[in-house]
2 protein chains.
Amino acid sequence: MAEYHSFSTNDAKHFADEHSDLFGEHSKLSCEKLGEDSLNLVFRVSNDKGRSLIVKQALPYAYCVGESWPLTIDRARIEAEVLLKHSKYCPEHTVEVLHYDTEQAAILTEDLKEYRMLRTELVAAKPYPHLAEQVAAYLANTLYYTSDFVLTGPTKKQQVSRFMNADMCLITEDLYFTDPYCNHERNNIHPELRQAAQQLWQDEALQAEVAQLKADFLSKPQALLHGNLHSSSIFINDENCKMIAAGFGFYGPIGFDVGSMLANLLLNYIGHFGLTADAQQRQLHQDYLLQQVQTLWQSFASQFNQLMANECREPSLQNALYQQRFMQQVWADTLGYAGCELVRRVVGMARVADIESIGDATLRSQCEHKALKLGKQFICQRHELSNMDQVLTILRYLQ
Amino acid sequence: MAEYHSFSTNDAKHFADEHSDLFGEHSKLSCEKLGEDSLNLVFRVSNDKGRSLIVKQALPYAYCVGESWPLTIDRARIEAEVLLKHSKYCPEHTVEVLHYDTEQAAILTEDLKEYRMLRTELVAAKPYPHLAEQVAAYLANTLYYTSDFVLTGPTKKQQVSRFMNADMCLITEDLYFTDPYCNHERNNIHPELRQAAQQLWQDEALQAEVAQLKADFLSKPQALLHGNLHSSSIFINDENCKMIAAGFGFYGPIGFDVGSMLANLLLNYIGHFGLTADAQQRQLHQDYLLQQVQTLWQSFASQFNQLMANECREPSLQNALYQQRFMQQVWADTLGYAGCELVRRVVGMARVADIESIGDATLRSQCEHKALKLGKQFICQRHELSNMDQVLTILRYLQ
């Protein structure tokens, strides 16, 4: 397997067999092609004893769009290396990478078949009490240990170069920060939201804030981000959850990862105004979500604060007042990027099932308006909303 | 000349002859070793018709310190490429690079023998009315055209990688932001300033501000900086001035370059309280310097604003309110980094002739206290001092 070619199921089978001891000597292997990922080929390779692994191969274009959207296959290396790096700092909640091949742009990982995709579970209103606590641990550890608080200048610079990930970042730059704020052909806007979207395109005060968030996305390499931490990148079961799909990983603003996760909980919170008709059931699930939102930030902040206090290897950054301001800035970024995620999921190209699967167009539109309103508020008031209690109050009274 | 070896005068002669047409076929070349640069070998190669060029070769250690301080020779490539890049956007004020050789870490440039080093001239109180205007043009153009306002995400990322310059940045990280704020053995403190320095080492509020400036130096790749823009990196004559010595160039905060230049004018302003005994003469030179300080910022800001308004190629950053805030942030950074330069030149390792050449220890100490006081004020009040008029008032009443 020298030159790159896209894998057949047979190739995937050989790749998995060659690079893992899991299957043993005399296993009979089978392979199925899964369609779960939009930019890659994904295969499940299983033996006759019920053991299985996942083979993921990057295509030189976006799988979901086609060959008109070229993408470097180097993103497979980046994805594998981000996951390995994150595993180092949070093995419990990072999918295990067993092998990767830069030539073939292929990654061999554990199969999380005992896990379910978080988005599916949240849409079905299935609560997992440990969700936020575990994601917070993942965020605090992976982001802290790849930051200037730990790495020397030269090491950090070398890492930043290694994870530039220009192609994938460009997708985010466009889909997150550009398209939703202008009348872009890639946008995917339901007719009921069109007027509100048009207001967005005229709102120069809001656009100034989004410009700042985009500029920081471009030029604030604080830590090695997952880069795409939404509910479809998290797999969960009753004990644990694991992050997958780090193909958008790069050195960026810490608040981007935290905000993406926060917004995905909120998209589900908002979606259930339309998804769950029974008021009591809905209340129950939404209370669970608000609890998770609160825990996500508080647990993240508390762990990150602990790490800054106890594990800071850069003497200049050990200053307590600086660290306090640093967290305040991460908080503001978190709200800002959460706001961008809320907006782009109702005005941009990529939709989420939390809202798209609402059958009734009027109900769905009400939810979209809520998401848009909340997103704008987060973006514009991220420096004024100084703590999570204020945010929770806004959420409880969201109209 | 395959493998790297440090140049003899003979090597330098051949290098210059081989890579330039300046000397012609039958020139008789001579070569002298100049001692002007602290991290490199510098040679002047001349022919018998009075034409000359400069050969600069990076040593694998700091020339001024010795072999105990290793430095990558890749900095010669970086220096040459920064100068070529800056030449593209401001040829008038960037020294011309004729050739560079990455193997030998050697650069061939024009010889600025019709120019004088700015620091020497300023110490001698020689005024150049065009100084600030020209440096402002250099800053505005080189910084603007290498920023996110112009480059696409992928191009910028590729450039950031190319100019990481980890070794040289580490020197700045240490000498600018770390050493002066603790009792570091590298510090070079006159006894009369020791008590004030000790106060600095206790000042946690100030250190929190310096931590922020250092964090931004590490993680705010706004534009391709010169990286070491002090009065010894500028050569000047009655018509023109040119920037040399870009070996510290990297992608960093715009205010770092602007602030370094600003601080160097102010170090001279302060130095003349001790250098020039005659009150009228001193007043004349200091008025000239304040005029230059004002012009430096106003002309830089006005040109950068013009460029943002007319030459912004990134649609998201065309927003007028964002651009206004961007300049406000560059201003605050400029003051902050100017403050760091003022402090480190009286408390840190590297001194400047503007103050060191004051013969009388009491007078010199008074100047050092002024520089330290002003530096601290800039660092701590950079967000409150909202315009140049306020700064000029402080300077006029500096005690």
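For the numbers below, each heavy atom of this structure counts, side chains included, while hydrogens, waters and symmetry mates do not. Letters go in sequence order (proteins before strands), and every chain restarts at 1.
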So, the part of A:Leu321 with a heavy atom under 4.5 Å from chain B: the answer is both
Heavy-atom pairs under 4.5 Å with chain A are the metric here; pick the option from B:Ser219, B:Ala166, B:Cys169 that has the most. B:Ser219
Where on B:Pro221 is there a heavy atom nearer than 4.5 Å to chain A: the side chain, the backbone, both, or neither? both
Got a second to check how far A:Phe217's CZ is from B:Asp148's CG, nearest 0.5 Å? 11.5 Å
If I measure from the heavy atoms of chain B, does A:Gln318 come under 4.5 Å with its side chain, its backbone, both, or neither? neither
Counting only heavy atoms closer than 4.5 Å, note whether B:Glu314 contacts chain A via side chain, backbone, both or neither. side chain
The test is salt bridge (charged side-chain N to carboxylate O under 4.0 Å, His left out); show your working for B:Lys157 and A:Glu173 and say whether it passes. CA-CA 13 Å; B:Lys157 286 180 163 61; A:Glu173 289 155 29; 3.5 Å; yes
Would you say B:Glu185 has more than 12 foreign heavy atoms packed within less than 6.0 Å of its CD? no
When rounded to the nearest 0.5 Å, the distance separating CG of A:Leu213 from OH of B:Tyr322 is 10.0 Å
I'd like to know which of B:Lys220, B:Gln323, B:Lys214, B:Gln207 tops the heavy-atom pair count under 4.5 Å against chain A. B:Lys214
Least distance between heavy atoms, A:Leu317 atom then B:Ala211 atom: CD2-O, 3.7 Å
So CG of A:Leu151 and CG of B:Leu218: to nearest 0.5 Å the spacing works out to 10.5 Å
Counting heavy-atom pairs closer than 4.5 Å to chain B, which one of A:Pro315, A:Ala205, A:Cys182, A:Ser316 comes out on top? A:Ser316
Counting heavy-atom pairs under 4.5 Å with chain A, the top scorer among B:Gln329, B:Arg325, B:Glu204 is B:Arg325
